[in-house]
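Ligands are counted one by one from 1 in listed order, and the atoms in each one are counted from 1 as well.
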Amino acid sequence: MSKIQEVKTMVEAGKAKLVPGLVQEALDEGNAAGDILQAMIASMGVVGDKFSKGEAYVPEMLMSAKAMSKGVDVLKPLLTGESSSSLGTCVIGTVQGDLHDIGKNLVAMMLESAGFNVVDLGVDVSADKFLEAIKQNQNVNLVACSGLLTTTMPSMRETVQTLKASGLTGFKVIVGGAPVTQEMADEIGADGFASDAGSAAVKAKELVKA
Ligand code: B1M
């Protein structure tokens, strides 16, 4: 079995203690950090499919999430470069009712490496908490909302609409997460949408420069 396959298998199995070492070994063998990340994302898809079929449960999803997060920690210095420019401040969070944070953390990481000062509000973030963070931090020119559940899409809508109706200005709103589409982003009044962390950083730069 290749090292990258071992990483994949151990993320699926939720072996958080083994994954960091295996990720390092996969890197040492010459695998690209991006390929190892994609393998781990694919593992989460496998775990999600098993959950859908009733072959895995919430604890298994949680263990795999922990294992993947530990693996990402090893990759982080390689996925992010030092940015010399400052693009402003981004407030990011997973919308209210939603506890999924791996995708949001990847987006935060890519935004930071693109040159944003990132204020990460974590998960289950209400519209009011987003608003408060815009007021409390200087130069907020981007708000990034992540959501993974179809059931929390209404809170993403509420967040975007609350931000837009707040009277506060000077920031753009970008949304993303597995159930989010460009059509939905347009419909709820977001300024931008991205399907993955890499394109979120590209879109974010476009938005704040526009
Ligand atoms: Co949950 N979960 N989960 N879960 N979970 C999913 C999302 C699900 C698809 C699994 C399934 O049924 N196949 C399903 C949602 C179904 C739906 O709504 N249609 C689901 C469910 C149902 C649930 C619960 C309701 C289960 C229950 O309790 N009965 C529950 C809800 C809890 C809550 O949030 N209130 C729940 C709980 C959990 C755990 C807590 C156990 C755990 C999360 C732990 C954590 O995040 N720390 C978990 C996990 C791990 C998953 C799966 C298996 C993996 C998610 C993940 O991290 N993927 C997931 C199945 C799947 O994704 N296939 C599943 C990897 C990550 C890199 O991808 O987050 O999509 P993702 O991020 C991507 C893009 O979406 C994008 O960039 C990333 C890639 O570069 N992106 C953005 C994300 N945010 C962005 C923001 C942007 C731009 C792009 O701009 C701002």
Side-chain angles (χ1 to χ4, degrees), residues 8 11-14 16 19 33-73 75-76 79-80 90-114 116 118-126 130 142-156 159-160 163 171-182 184-185 188 190-208:
K8 203 167 174 289
V11 169
E12 279 166 38
V19 168
D35 291 343
I36 302 171
L37 178 66
Q38 287 310 321
M40 291 197 286
I41 292 176
S43 302
M44 300 309 281
V46 172
V47 176
D49 289 345
K50 285 190 179 163
F51 176 78
S52 297
K53 290 186 208 150
E55 293 167 6
Y57 301 94
V58 169
E60 280 92 347
M61 288 204 287
L62 204 49
M63 284 162 69
S64 292
K66 207 181 225 177
M68 173 160 179
S69 297
K70 295 275 179 203
V72 171
D73 287 346
L75 296 178
K76 192 174 176 184
L79 293 170
T80 60
C90 170
V91 168
I92 189 168
T94 303
V95 297
Q96 189 160 35
D98 201 325
L99 302 176
H100 296 85
D101 69 357
I102 298 181
K104 183 265 297 167
N105 293 344
L106 290 176
V107 173
M109 199 168 90
M110 298 313 285
L111 290 174
E112 205 169 78
S113 71
F116 286 92
V118 174
V119 178
D120 189 344
L121 304 179
V123 297
D124 192 18
V125 181
S126 67
F130 276 105
L142 188 71
V143 178
C145 304
S146 176
L148 262 277
L149 296 172
T150 44
T151 49
T152 54
M153 290 302 101
S155 69
M156 183 170 281
T159 301
V160 174
L163 295 176
F171 62 88
K172 298 279 175 62
V173 181
I174 181 169
V175 294
V180 185
T181 60
Q182 180 67 59
M184 179 193 153
I188 65 178
D191 300 295
F193 158 78
S195 58
D196 60 58
S199 48
V202 173
K203 187 75 196 173
K205 280 196 225 174
E206 270 171 40
L207 287 173
V208 298

**Report entry** Nearest-0.5 Å distance that lies between atom CD in E12 and atom CE in M44
**Finding:** 10.0 Å
Spell out, as yes or no, whether a donor-acceptor pair under 3.5 Å connects the side chain of [X] to the backbone of [Y].
X: D191; Y: V173; value: yes
X: E60; Y: Y57; value: yes
X: S43; Y: K8; value: yes
X: T94; Y: H100; value: yes

**Report entry** Residue shell around ligand 1, heavy atom under 4.0 angstrom
**Finding:** I41, M44, G45, G48, F51, S52, V58, M61, L62, A65, G97, D98, L99, H100, D101, I102, G103, L106, V107, A144, C145, S146, L148, L149, T150, I174, V175, G176, G177, A178, A194, S195, D196, A197, A200
**Report entry** Listed partners of Q38 passing side-chain contact (heavy atoms from CB on, under 4.5 Å), at least two apart
**Finding:** I41
